[in-house]
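This report refers to the structure that appears directly beneath it.
Index from 1, following the sequence.
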Amino acid sequence: MMNPAVMERVIHSPLVRVLRGARVDPVPLWLMRQAGRYLPEYQQVRAEARDFLDLCYRPELAFEVSLQPVRRYGLDAAIVFADILLVADALGQRVEYQAGEGPVLEPIRTLGDVKRLAAAGVHDRLAPVYETVRRLRASLPLETAVLGFAGAPWTVAAYMVEGRGNRDFATPRRWAHEDAPAFGQLIGLLVDVTAEYLGAQIDAGADAVQLFDSWAGVLPSPAYEQWCIAPVTAIVERVHLSHPGIPVIGFSRTASPMLAQFARESGVDVLSLDTAVPTAWAARELAPETPLQGNLDPYALVTGGAALRTEVERIIGAWRGRPHVFNLGHGIVPETPPEHIAELIALVRSASAR
Ligand code: CP3
């Protein structure tokens with residue numbers, strides 16, 4: 001039996017209907033990183049916070065910045081304002097966000113470091129995120145979906161072990177080869193905490209959740225199966241068991257040739273596709289009932305105009321007839337002109353209607 005609260009949302013939110021497998025016209029949309037530095041009103045609230053973590057952990061501020069893009073543009077969803085590395089912070093790792101640097105963490109490099117992480121108080125530390133979700137669900141109409149999210153274990157572990165972001169993530173890749181059991185302990189811990197974290201966001205009112213595996217593409221295929229597909233599968237299984245009917249969106253970035261396997265094995269309900277996934281390949285090779293999201297180049301959005309129109313029409317045309325949530329292939333970049341989002345929404349609505 002479907003829970004009546006879930007049923008009600010299915011009726012009201014076009015986005016949730018698509019995430020659950022319906023074809024909806026016009027195609028609903030939200031944008032990865034829709035809250036953030038490209039919006040002047042974000043900069044204003046950001047200046048009130050002591051630092052980025054303080055912004056994430058203060059529900060009154062996080063609620064406000066989550067709402068800003070929805071208020072400005074009428075997007076079909078609000079995504080809770082947080083970061084994938086809050087889980088590392090909540091586990092007791094030292095995490096800082098330095099201006100112009102991105103996240104800097106005290107690296108986890110040994111089994112001893114993994115054992116010192118403290119799973120015990122993690123949900124107390126993350127409670128402000130649940131409070132932000134609760135405020136969003138309480139204040140938005142049911143037509144607007146509320147999305148929760150978390151980083152997938154590989155991507156979160158990659159930052160935890162490397163200590164910062166970079167293109168290679170050499171340290172976690174070497175550690176996974178050299179001492180798979182120790183690295184596996186870290187991944188196992190992240191599977192447990194992430195499944196509970198997503199469950200708690202759903203309890204607080206999230207209509208769907210997304211797992212971001214932004215660095216899935218750096219791994220060789222056996223390691224991708226072991227450190228990306230298997231942990232995501234375990235999380236999805238647990239979320240489906242604890243919260244039946246709530247869609248899980250999987251974003252396994254730059255994993256292209258492995259995506260069909262990811263789609264078959266992981267159990268994710270929706271595939272969020274990065275910019276490099278060939279649009280027509282996705283239409284042809286991924287099961288037609290599986291909803292697709294994403295794929296638009298964030299730099300087409302920076303450019304706007306004819307380039308943006310061509311790309312929007314191309315993606316909507318290629319995926320016409322299947323459940324489709326319009327989105328980017330990666331997050332909005334800070335140099336995006338805010339007026340291009342309004343332009344994008346108009347394009348999506350008119351291209352869908354044709
Ligand atoms: O989508 C949204 O609007 C919700 C908020 C959100 C943030 N981060 C806020 C943020 C989400 C969904 C994320 C996910 C995230 N965080 C990912 C996965 C998606 C992706 O982009 O690949 C990753 C890898 C991170 C880790 C992270 N956080 C990095 C690498 C950085 C620095 C680089 C950057 O883009 O700024 C952050 C900081 C961060 N997270 C900012 C925001 C708005 C900028 C911080 C600031 O305001 O100074």
Side-chain angles (χ1 to χ4, degrees), residues 16 18-21 32 79 84 87 147-158 169 172-173 176 180 183-184 186-199 201-202 206-278 281-295 319 322-325 327 329-330:
V16 174
V18 177
L19 297 177
R20 295 169 58 88
M32 291 197 267
I79 179 164
I84 64 163
V87 164
L147 305 177
F149 76 92
W154 160 254
T155 291
V156 175
F169 289 98
R173 286 161 69 188
F183 185 69
L186 176 57
I187 294 289
L189 173 64
L190 290 171
V191 166
D192 290 342
V193 171
T194 305
E196 292 165 6
Y197 182 44
L198 294 176
Q201 292 179 53
I202 298 164
D207 300 292
V209 291
Q210 176 156 323
L211 274 167
F212 287 88
D213 217 349
S214 301
W215 295 100
V218 301
L219 294 174
S221 54
Y224 177 75
E225 291 172 1
Q226 184 173 12
W227 305 124
C228 295
I229 298 184
V232 168
T233 306
I235 293 169
V236 172
E237 221 166 66
R238 284 168 57 172
V239 172
H240 281 164
L241 209 62
S242 60
H243 298 83
I246 299 294
V248 182
I249 308 166
F251 178 55
S252 198
R253 193 170 75 91
T254 63
S256 263
M258 299 297 285
L259 273 177
Q261 186 182 343
F262 175 79
R264 283 194 307 274
E265 294 179 3
S266 67
V268 296
D269 302 285
V270 180
L271 292 165
S272 192
L273 302 181
D274 65 80
T275 300
V277 177
W281 173 90
R284 202 171 55 240
E285 300 298 328
L286 302 170
E289 65 278 11
T290 304
L292 302 181
Q293 169 182 287
N295 205 222
W319 294 352
R322 50 186 304 157
H324 178 190
V325 170
N327 206 322
H330 200 191

| note | Correct closest heavy-atom pair for Thr155 and Ala216 would be OG1-N, 4.3 Å
| request: Over all heavy atoms of both residues, which pair between Ala276 and Ser256 is shortest? Give the atoms and the distance, please. | output: O-OG, 4.1 Å
| field | side chain to side chain contact (heavy atoms under 4.5 Å, CB included) involving Gln261 - partner list, sequence neighbours excluded | value | Glu225, Ile229, Met258, Arg264, Glu265
| task | Check whether any side-chain N or O of Ser272 sits under 3.5 Å from a backbone N or O of Ile249 as a donor-acceptor pair, and report yes or no. | result | no
| said: So, taking the atom named OG in Ser242 and the one named CD in Glu237, what distance separates them when rounded to the nearest 0.5 Å? | reply: 11.5 Å
| request: Check the angle between the aromatic planes of Trp319 and His324 and answer parallel, tilted or perpendicular using the 30° and 60° thresholds. | output: perpendicular
| remark: On a heavy-atom basis, the closest approach of Ala263 and Leu286 is CB-CD2, 4.2 Å
| Stepwise side chain to side chain contact (heavy atoms under 4.5 Å, CB included) check, Asp269 with Leu19 | CA-CA 7 Å; Asp269 302 285; Leu19 297 177; over 6 Å; no
| request: Could you tell me how the ring of Phe183 sits relative to the ring of Trp154: parallel (under 30°), tilted (30 to 60°) or perpendicular (over 60°)? | output: perpendicular
| task | Would you check if Asp213 and Phe262 make a side-chain contact, meaning some heavy-atom pair closer than 4.5 Å? | result | no
| How close do Pro231 and Ile187 get, heavy atom to heavy atom, and via which atoms? | CG-CG2, 3.6 Å
| task | Just jot down the side chain to side chain donor-acceptor pair (under 3.5 Å) partners of Gln210, sequence neighbours excluded, or say none. | result | Gln293
| task | Go through Val325 and Val270 one step at a time and tell me if the side chain to side chain contact (heavy atoms under 4.5 Å, CB included) criterion holds. | result | CA-CA 9 Å; Val325 170; Val270 180; 5.6 Å; no
| query | If you look at every heavy atom in Ser266 and Val232, which pair is closest and at what distance? | reply | CB-CG1, 4.2 Å
| said: Measuring from atom CG of Asp192 to atom CD1 of Ile235, what distance do you get when rounded to the nearest 0.5 angstrom? | reply: 9.0 Å
| Under 3.5 Å, is there a donor-acceptor pair between the side chain of Arg253 and the main chain of His330? | no
| note | Taken in chain and number order and not counting sequence neighbours, the residues that satisfy ring-ring contact (aromatic ring centres under 6.0 Å, His included) with Phe149 are Phe212
| Does Asp274 offer a backbone N or O that forms a donor-acceptor pair with the side chain of Asn295 under 3.5 Å? | yes
| task | Walk me through it: do Val191 and Arg238 pass the test side chain to side chain contact (heavy atoms under 4.5 Å, CB included)? | result | CA-CA 10 Å; Val191 166; Arg238 284 168 57 172; 4.2 Å; yes
| field | Heavy-atom donor-acceptor pair, Arg20 side chain to Gly245 backbone, under 3.5 Å | value | yes
| message | Once rounded to the nearest 0.5 Å, what's the spacing between atom CG of Leu211 and atom CZ of Phe251? | response | 12.0 Å
| task | Start with the C-alpha distance between Val156 and Thr194, add both sets of side-chain angles, then the distance that settles side chain to side chain contact (heavy atoms under 4.5 Å, CB included), and finish with yes or no. | result | CA-CA 10 Å; Val156 175; Thr194 305; over 6 Å; no
| What pair of heavy atoms forms the shortest contact from Leu219 to Trp227, and how long is it? | CD1-CB, 4.2 Å
